[in-house]
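Worksheet: the structure to be examined is printed underneath.
The figures that follow rest on heavy atoms only: side chains count, while hydrogens, waters and symmetry mates do not. Counting begins at 1 with the first residue of the sequence. Both ligands and their constituent atoms are indexed starting at 1 by order of listing.
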Amino acid sequence: MTEFGFIDSIVRLFGNMPTNGFEGIGDDCAVLPIGGGESLVFTADLVVEDIHFLRRAASAYEVGRKSLAVNLSDVAAMGVRPIATILSVALPEDAAEEWAGEFMRGYHSMSEEYGVALIGGDTTRSAGGITINVTAIGRGPSGQIKRRSAGQVGDIIFVGDFLGASGAGLRDILQGHTDTPQAVIHRNPTPQIHEGAWLGARSEVHAMMDISDGIASDLRHILDTSHVGAEVDIDRIPVAAGATLKDAACGGEDYKLLFSVAADHAGQLAEDFLLRFHHPIHPIGRITASASLQWLRNAAPIKLDWKGFTHY
Ligand code: ADP
Ligand code: MG
């Protein structure tokens, strides 16, 4: 079964259960309105040795930062601010002391950078490799929350930064080149935490998510849940230094934002973003009434069998 097939079966199995006030499975985070016009959002991600990192190719400090970063990225993707995390670790004997200490130093440094509290978790021995689970919680005005399902026909589709460096870096690491600039980016992603909350406050931003599997895969989640299609100009996809266009469209783990904006306000939003964050956002296409994702090259349709990245 594929990862998404498994998740679909979970959604079906629990379809008739009470949700207890939560907006459940399917977005970057689950949403719980808590009164006073505010909501909490919740997300969890696993980081597994030899699946998500190689101990010989990533420092414990880097794994600590990245474990948190990937979760904060999902909170930012909802348009709100991360406030707390719950951290669970399963550690084999040979990682219980020095590795664990360095891991926590990294986790702490990123927690401090974004003012995120660590409020609990669990610690256990592992008979196999290292497994890390982080649950992140965010909070913000309910009206500010951005769902994947809110894309509207005519919206301009933006990505929040250059893409593909992480995918190129993973390729370098697997070929034994662990110290290329792209490999360093792969181990040290910079999710758009402040950018997410800022975009959340803008009502012209409709759908938003973070890019963890590449736009070729992730954009389809916005299209499917919004019941729309899209045209994407592949010449406009911002390709990071050292990456290929295919890395930028299909590579995993960039952790940048993907969002759709009402066309009439897109230019102003891009100007305001540049003033605030000193780097541009990049329009790559538009949402259409068709049901499919159409790639364009030089404004002409082109067929590509691009798929996203998967660990599973
Ligand atoms: P993301 O890449 O944003 O972390 P995923 O692709 O991992 O999202 O997951 C898609 C959706 O499925 C999310 O809403 C997530 O919470 C949910 N999900 C994934 N795995 C499980 C699981 N084992 N049980 C319940 N929900 C899950
Ligand atoms: Mg996500």
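Scanning both residues, Ala58 and Val63, for their nearest heavy atoms gives CB-CG2, 4.0 Å.
Each of Glu3, Phe4, Ile7, Ile10, Ile25, Gly26, Asp27, Asp28, Asp45, Asp74, Arg148, Ser212 has a non-hydrogen atom positioned under 4.0 Å from some atom of ligand 1.
Salt bridge absent: Arg148 and Asp218 never bring a charged side-chain N and a carboxylate O closer than 4.0 Å. In this structure, Arg65 does not pair ionically with Glu62, as no charged nitrogen and carboxylate oxygen lie closer than 4.0 Å.
You'll find the ring centres of Phe273 and Phe158 outside the 6.0 Å limit.
Partners of Glu271 according to the salt bridge (charged side-chain N to carboxylate O under 4.0 Å, His left out) rule, which considers only residues two or more places apart in sequence or in another chain, do not exist here.
No side-chain donor-acceptor contact under 3.5 Å links Ser166 and Tyr255.
Distances from the Mg ion (ligand 2) to the N/O/S atoms of Asp28 are shortest for OD1. When the N, O or S atoms of Asp210 are ranked by distance to the Mg ion (ligand 2), OD1 comes first.
For residue Asp74, an N/O/S atom approaches the Mg ion (ligand 2) to within less than 2.8 Å.
Atom CD of Gln175 sits about 10.0 Å away from atom CG of Leu170, to the nearest 0.5 Å.
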